[in-house]
Structure formats: structure tokens, C-alpha cells
Protein chains: 2
Amino acid sequence: MSLRNAVMAALLDGESSGYDLAKAFDASVANFWICTPQQLYRELDRMEADGLISARTVEQERRPNKRLFSLTERGREELTGFTSGPHKPTAIRDELLVAVLAADRGDVEGVLASIRERKQWAEAKVARYERLRAKLLDGRSEEDFLATAERVGPYLTLLRGLSFERDNVRWCARSLTVLERRGARLDAPG
Amino acid sequence: MSLRNAVMAALLDGESSGYDLAKAFDASVANFWICTPQQLYRELDRMEADGLISARTVEQERRPNKRLFSLTERGREELTGFTSGPHKPTAIRDELLVAVLAADRGDVEGVLASIRERKQWAEAKVARYERLRAKLLDGRSEEDFLATAERVGPYLTLLRGLSFERDNVRWCARSLTVLERRGARLDAPG
DNA sequence: CTCACATACTCAACTTGTTGACTAGGTCGA
DNA sequence: TCGACCTAGTCAACAAGTTGAGTATGTGAG
């Protein structure tokens with residue numbers, strides 16, 4: 001049920017269409033919760049049926065109509081209830097790690113290529129999160145921001161996404177070193 | 001389909017029963033892929049039907065019979081094919097982060113309690129991974145291990161799990177500081 | 001003038017993952 | 001000898017997540 005809660009958390013910033021939510025998810029919530037647009041639309045329908053959000057249709061010229069969703073009082077209550085916990089711990093669930101686990105008995109070169117690709121991807125993510133962070137801080141020091149901002153939740157979750165990707169970069173680099181050195185030794189043993 | 005591949009990777013160590021796999025998953029693969037026993041048994045049945053693994057039933061006295069699964073040649077090929085990639089990147093998917101995102105408009109005390117609990121949980125995980133690491137190294141230095149071990153995949157994935165949980169601990173500590181300080185200020189503003 | 005891309009969705013089918021209950025004997029401590 | 005936990009699973013139902021296609025219009029680049 002956490003997609004529901006993630007959507008409600010995203011709607012704390014104000015009303016939004018499904019389409020915009022999908023993009024917003026991509027830009028901020030995606031640090032820690034990803035979903036496809038289809039999943040979103042389906043969930044939004046259910047949430048409306050459950051009275052957690054309400055929709056108003058906005059007619060547009062030269063564009064398809066859109067439905068703007070906003071949190072209802074019930075939605076706010078549900079969300080507060082959710083924040084009270086408890087929350088199950090999670091683990092990383094990553095195909096690449098499965099591949100690395102099996103690398104010694106698989107296609108080592110292929111795994112190396114995948115790690116290199118992932119490293120680049122993670123570096124791009126880090127850069128992106130850094131930009132988002134700068135945007136949130138908006139010139140203020142972190143200390144200043146934390147003291148004055150209305151909400152710190154989005155900042156804290158951004159930090160988690162940031163350090164996760166930094167960690168990915170470090171681990172990729174380390175694994176590359178280990179697997180490359182090993183490959184070299186296996187090619188020319190002794 | 002990654003559960004399949006995770007199972008095959010686990011079977012690289014030799015044949016195992018569903019029950020033992022469930023425990024092994026809990027002990028090592030769980031760093032990066034979790035699943036319930038039910039999911040495992042279902043997947044094992046399908047994999048057998050698909051010819052990726054073969055089973056032999058072992059009759060036991062004083063214990064229920066068990067079925068030992070081992071990789072077939074086809075399974076090995078599939079796994080090697082999988083290691084060649086590509087592998088989709090993942091994001092953290094964590095309820096606690098959803099709660100932190102909404103913390104400012106929710107039950108801050110509840111969120112703080114959840115973070116404290118998570119921190120302890122992550123610290124326990126770190127301790128456990130450290131023990132697993134010491135066991136893998138078995139007295140050797142890391143350098144020595146990486147040079148001589150038959151497989152390094154399990155070690156590299158363990159490192160990833162370890163640094164993930166360390167990162168969790170750090171982030172929890174940081175978030176607690178921020179949210180507690182903030183709570184104190186809101187209680188006694190000015 | 002065409003082609004790709006953006007807006008703003010809907011529908012359907014499928015695969016994965018979760019939850020809870022059930023079977024049935026064995027072991028171990030208080 | 002009672003209750004809790006271990007071994008080694010099975011079955012069913014449901015919730016969540018993925019994939020691919022389809023609809024309809026508008027804008028901007030080459």
C-alpha cells in the first residue's frame with residue numbers, strides 16, 4: 001500500500017494531474033519509490049474511489065482535458081496514520097548484484113560491461129540529485145535551510161537517494177578493480 | 001525473472017532443498033534479493049518444469065522427505081546468458097522514506113520512533129554482515145582472499161549489502177538529528 | 001510536409017510478490 | 001508432558017508491479 005502513501009505525500013505540495021505526478025515522481029519521489037504511469041493512474045482511480053483524493057476535470061484548449069487530484073481530509077488523516085508506522089525494512093533488490101554473484105561462473109566480460117554502464121548511470125543520478133539539492137537550498141547554506149524551511153522531509157529523502165547513488169558509484173569502481181585484476185590474472189596466470 | 005537467476009546463482013554452490021535455499025537466501029542472497037519461502041517453492045516448481053534445475057527426492061527418517069535441487073546444463077547456460085546483461089537499474093523502495101517525506105505534515109514523533117528502530121535494525125545487519133565477511137575471509141587478508149578465492153562474486157555482493165546498511169545507519173542518525181532539533185524548535189519557538 | 005516528441009490519458013493481459021492457513025512429525029527445555 | 005520451535009513443505013487468494021498497445025491532438029525541427 002505504499003504507492004498510495006507516496007502519492008499522498010507527493011500531493012502535499014498541492015493538486016496535480018496524473019501525468020504531472022508521473023513526471024514529479026520521476027524527478028523527486030523516484031529517489032526511493034519508482035512506478036510506471038499505468039500503476040499511478042490505476043492507483044489514483046482507486047484512491048478516488050476510497051475517498052483519499054478528489055479530482056476535478058480541467059478542460060483545456062489545444063490539449064487533452066486533464067484531471068487534477070488533491071488530498072481530501074480523509075487522505076490527510078490516512079497519511080498521518082501511515083507516518084506513525086510501523087515500516088518494514090527493505091533490502092536492495094538489484095539484478096546487477098545477482099549477475100555479480102554469479103559472475104565467476106558466468107560471462108565476466110559481460111558483467112564488467114554492465115558494471116561500467118551502471119557506474120555511469122549512477123554518476124548521472126548523483127549529478128542530477130546534486131542539482132535538485134542546489135535548487136532546494138536555493139543559495140542558502142544547509143544549516144540555514146534546515147532552520148527555516150517549511151518542510152525538511154523532501155530534503156532528507158533526497159539526501160538518502162544521493163548517498164545511495166554515491167555508494168553505487170564507489171561499489172562499482174571497487175568491483176571493477178577486483179574483477180579486472182582477476183581477469184588479467186586468469187588470462188595470464190602465474 | 002530475477003528470482004530465477006538468484007536461485008540459480010545460489011545453486012552454484014551445489015544442490016539444496018527449497019527449505020535450505022530459503023535459509024541460505026536469508027543468510028547471503030538477502031543482501032540484495034529477498035523473497036518468501038512460498039515464492040521460492042513456486043519458482044522452484046516452475047524452474048524444474050522449464051528444465052533449469054532437476055530434483056531428486058531424498059527419503060529421510062525422523063524428518064519429512066525433501067527434494068534436493070541442482071542446476072542442469074540448461075540452467076547453467078541460462079545463468080551465463082543472464083550475466084551477459086543488460087540489467088535494469090533500481091532505486092531504493094522504502095516505506096520509511098515515504099514516511100520521512102511526509103513527516104513534516106504527519107506524526108513527527110512516530111516517524112522519529114520508526115527511524116530509531118530502523119537504525120537499530122540496520123546496525124544489527126551491519127554486525128551480521130561483518131561476521132559473514134570474517135567467515136568468508138577466514139583469517140586471510142582481503143587482498144589475499146581476492147587473489148586466491150575461487151569465487152569473488154559472493155564477497156562483492158556482501159560488500160554492497162554491508163555498505164548499504166552502513167549508509168542506512170548514517171542517514172538515520174542524520175535524520176534523527178535534523179528532525180529532533182526541529183521538533184525542539186517548534187516546541188519552543190523564538 | 002513529414003516525423004518525432006509532448007500532452008494526457010485508457011485498456012488488457014500478464015508476472016511477481018505477499019499473506020495466511022494447513023499438514024505432520026521431531027526435538028528440547030521447564 | 002506441555003508448549004514452543006524446527007524440518008519440509010502445500011494450497012489458495014489477493015495485491016502490486018510490468019509490458020505493450022491504442023487514442024487523439026499539438027508543437028517544433030529538418
Side-chain angles (χ1 to χ4, degrees), chain A residues 1-8 15-27 29-30 32-50 52-53 55-69 82 86-95 98, chain B residues 1-7 15-27 29-30 32-50 52-53 55-69 86-95 98:
Chain A
M1 303 296 280
S2 267
L3 178 55
R4 263 177 138 73
N5 299 296
V7 168
M8 293 195 281
E15 67 177 3
S16 174
S17 68
Y19 189 81
D20 287 336
L21 270 179
K23 283 192 301 181
F25 253 63
D26 219 41
V29 184
F32 58 90
W33 207 275
I34 47 169
C35 69
T36 58
Q38 285 72 12
Q39 225 184 317
L40 255 186
Y41 285 123
R42 183 174 49 179
E43 195 62 33
L44 284 168
D45 285 345
R46 286 185 196 156
M47 290 168 73
E48 194 189 1
D50 292 348
L52 302 174
I53 57 178
R56 63 186 183 98
T57 300
V58 174
E59 314 242 335
Q60 296 184 113
E61 284 168 15
R62 304 162 192 281
R63 295 244 167 264
N65 294 344
K66 60 181 172 182
R67 303 178 67 212
L68 291 180
F69 297 94
F82 167 76
H87 307 292
K88 276 165 288 177
T90 40
I92 304 174
R93 206 178 250 197
D94 193 334
E95 284 191 10
V98 177
Chain B
M1 305 295 282
S2 268
L3 178 54
R4 261 176 138 74
N5 298 298
V7 168
E15 66 177 3
S16 173
S17 68
Y19 189 81
D20 286 337
L21 270 179
K23 283 191 301 181
F25 253 62
D26 219 40
V29 185
F32 58 90
W33 208 276
I34 48 169
C35 70
T36 57
Q38 286 71 13
Q39 227 184 315
L40 255 186
Y41 285 123
R42 183 174 50 175
E43 196 62 32
L44 285 168
D45 286 344
R46 288 183 195 158
M47 290 168 73
E48 194 190 1
D50 292 349
L52 302 174
I53 56 178
R56 63 186 184 97
T57 300
V58 174
E59 314 243 335
Q60 296 185 113
E61 283 168 18
R62 307 164 191 281
R63 296 244 167 263
N65 294 345
K66 60 181 171 182
R67 302 178 68 213
L68 291 180
F69 297 95
H87 308 291
K88 277 166 287 179
T90 40
I92 305 173
R93 208 178 248 194
D94 193 334
E95 284 191 11
V98 177

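Every chain is numbered from 1, with letters handed out A, B, ... down the list of sequences.
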Rounded to the nearest 0.5 Å, how far does [atom2] of [Y] lie from [atom1] of [X]?
{"X": "B:E95", "Y": "A:T90", "atom1": "CD", "atom2": "OG1", "value": "8.5 Å"}
{"X": "B:D20", "Y": "B:L40", "atom1": "CG", "atom2": "CG", "value": "11.0 Å"}
{"X": "B:I53", "Y": "B:E48", "atom1": "CD1", "atom2": "CD", "value": "6.0 Å"}

query = Just by modelled atom types, is the A:E43 backbone N or O under 3.5 Å from a matching donor or acceptor in the A:R4 side chain?
reply =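 Not at all, since once roles are kept as given, no pair shorter than 3.5 Å links the two residues.
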
query = So, does A:R93 use its side chain to make a donor-acceptor pair with the main chain of B:I34 at under 3.5 Å?
reply =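 Yes, because the side chain of A:R93 sits within donor-acceptor range (under 3.5 Å) of the backbone of B:I34.
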
request  = Between B:R46 and A:K88, name the one whose nearest nucleotide on DNA chain C is closer to the 5' end.
outcome  =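 The 5'-side residue here is B:R46.
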
For [N], does either OP1 or OP2 sit under 4.0 Å from a side-chain N or O belonging to [X]?
{"X": "A:K66", "N": "C:dT10", "answer": "no"}
{"X": "A:Q60", "N": "C:dT7", "answer": "no"}
{"X": "A:K23", "N": "C:dT7", "answer": "yes"}
{"X": "B:Q39", "N": "C:dT18", "answer": "yes"}
{"X": "A:S17", "N": "C:dC9", "answer": "yes"}
{"X": "B:Y19", "N": "D:dT7", "answer": "yes"}

[atom1] of [X] versus [atom2] of [N]: gap in Å, rounded?
{"X": "B:L40", "N": "D:dG9", "atom1": "CG", "atom2": "C1'", "answer": "12 Å"}
{"X": "A:Y41", "N": "D:dA21", "atom1": "OH", "atom2": "P", "answer": "19 Å"}
{"X": "A:R93", "N": "D:dG17", "atom1": "CZ", "atom2": "P", "answer": "10 Å"}
{"X": "A:N5", "N": "D:dA16", "atom1": "CG", "atom2": "P", "answer": "10 Å"}
{"X": "B:L44", "N": "D:dA8", "atom1": "CG", "atom2": "C1'", "answer": "12 Å"}
{"X": "B:I34", "N": "C:dT19", "atom1": "CD1", "atom2": "P", "answer": "10 Å"}
{"X": "B:E15", "N": "D:dA8", "atom1": "CD", "atom2": "C1'", "answer": "16 Å"}
{"X": "A:E59", "N": "D:dT25", "atom1": "CD", "atom2": "P", "answer": "15 Å"}

ask   = What nucleic acid atoms does A:R42 come within less than 4.0 Å of, heavy atoms only: base, sugar-phosphate, or nothing?
value =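 A:R42: base contact, heavy atoms under 4.0 Å.
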
message = Here's a test of your reading of the structure: between A:E43 and A:P64, which maps to the more 5' nucleotide of DNA chain D?
response =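 Looking at the nearest nucleotide for each, A:E43 comes out on the 5' side.
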
key: Nearest listed nucleotide, side chain of A:Q38, among C:dG17, C:dT19, C:dC11   =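 The nucleotide sitting nearest to the side chain is C:dC11.
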
